[in-house]
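Please read the structure below before turning to the comments.
Basis for what follows: all heavy atoms, side chains included, without hydrogens, waters or symmetry-related copies. Because the structure is predicted, anything quoted here is derived from the model rather than measured.
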Amino acid sequence: MSDDKLTKILTFINQRNPEVGELKLDDDLIDRRAVDSLAFVEFLYLLEELSGETIDPEEIDVEDFRTLRAIDKRFLHGAAAG
């Protein structure tokens, strides 16, 4: 994952949910309630912007959003380090 894309994702999460605190690549974003249901559609738009691809909501799985590493693998096609 590029640092720039990671920074944009973390900025999005922290702006909408500052109490979530620091997140690591393998932290469970769902358990930590990093993105609530109201912000989820905006989050999908951000991922589309970062990936350059349209995301079909019918083809996603909750596990695709479990961690930053999972998001990277599914949507950004990267190999997140760390």
Side-chain angles (χ1 to χ4, degrees):
M1 176 185 299
S2 78
D3 288 339
D4 184 48
K5 291 178 182 178
L6 176 60
T7 298
K8 287 180 181 179
I9 290 170
L10 291 171
T11 298
F12 175 92
I13 291 170
N14 286 318
Q15 285 177 340
R16 284 151 186 85
N17 192 356
E19 61 275 356
V20 87
E22 183 181 346
L23 292 169
K24 294 185 173 59
L25 289 173
D26 293 313
D27 286 348
D28 192 314
L29 302 177
I30 295 169
D31 284 350
R32 292 195 53 189
R33 301 176 197 261
V35 178
D36 65 24
S37 58
L38 297 175
F40 186 71
V41 172
E42 288 180 72
F43 191 61
L44 283 179
Y45 286 132
L46 173 65
L47 292 177
E48 286 181 334
E49 178 184 311
L50 294 174
S51 69
E53 298 176 10
T54 301
I55 297 171
D56 182 352
E58 298 293 322
E59 295 182 14
I60 57 176
D61 183 327
V62 69
E63 295 302 316
D64 295 335
F65 302 94
R66 180 75 55 192
T67 66
L68 292 170
R69 191 178 306 276
I71 290 168
D72 179 50
K73 182 178 177 185
R74 172 65 169 84
F75 301 106
L76 305 177
H77 313 292

Rounding to 0.5 Å, atoms CD1 (I9) and CG (N14) come to a distance of 12.0 Å
Rounded to the nearest 0.5 Å, the CD atom of E49 sits from the NZ atom of K5 at a distance of 10.5 Å
- prompt: Can you tell if the side chain of F75 reaches within under 4.5 Å of the side chain of I55, non-hydrogen atoms only?
  reply: yes
In this structure, CG of D61 is separated from CZ of R74 (nearest 0.5 Å) by 9.0 Å
May I ask you to test the N17-V35 pair for a side-chain heavy-atom distance under 4.5 Å? no
One should read off an interatomic distance between L76 CG and E53 CD, to the nearest 0.5 angstrom, of 9.0 Å
Open item on the list: Do the side chains of D4 and K8 get close enough for a salt bridge, i.e. N-O under 4.0 angstrom?
Closed with: yes
Self-check item: Side-chain heavy-atom pair D64, K73 within 4.5 angstrom cut-off
Solution: no
ask   = Can you find a pair of side-chain heavy atoms, one from L68 and one from L10, that are under 4.5 Å apart?
value = yes
Please tabulate, one pair per line, all N/O donor-acceptor pairs under 3.5 Å involving side-chain atoms of residues 36-47, not counting sequence neighbours.
residue: D36; atom: OD1; partner: L38; partner atom: N; Å: 3.1
residue: D36; atom: OD1; partner: A39; partner atom: N; Å: 2.8
residue: E42; atom: OE1; partner: R16; partner atom: NH2; Å: 3.2

In short, E22 meets D27 closest at the heavy-atom pair O-OD2, 3.9 Å
Query raised in the report: Can you check whether L25 reaches T67 side chain to side chain, under 4.5 Å on heavy atoms?
Result: no
> Is there a side-chain contact between V20 and R33, using heavy atoms and a 4.5 Å cut-off?
Replying inline: no
Review point. D28 side chain to I30 main-chain N or O, any donor-acceptor pair under 3.5 Å?
Key: yes
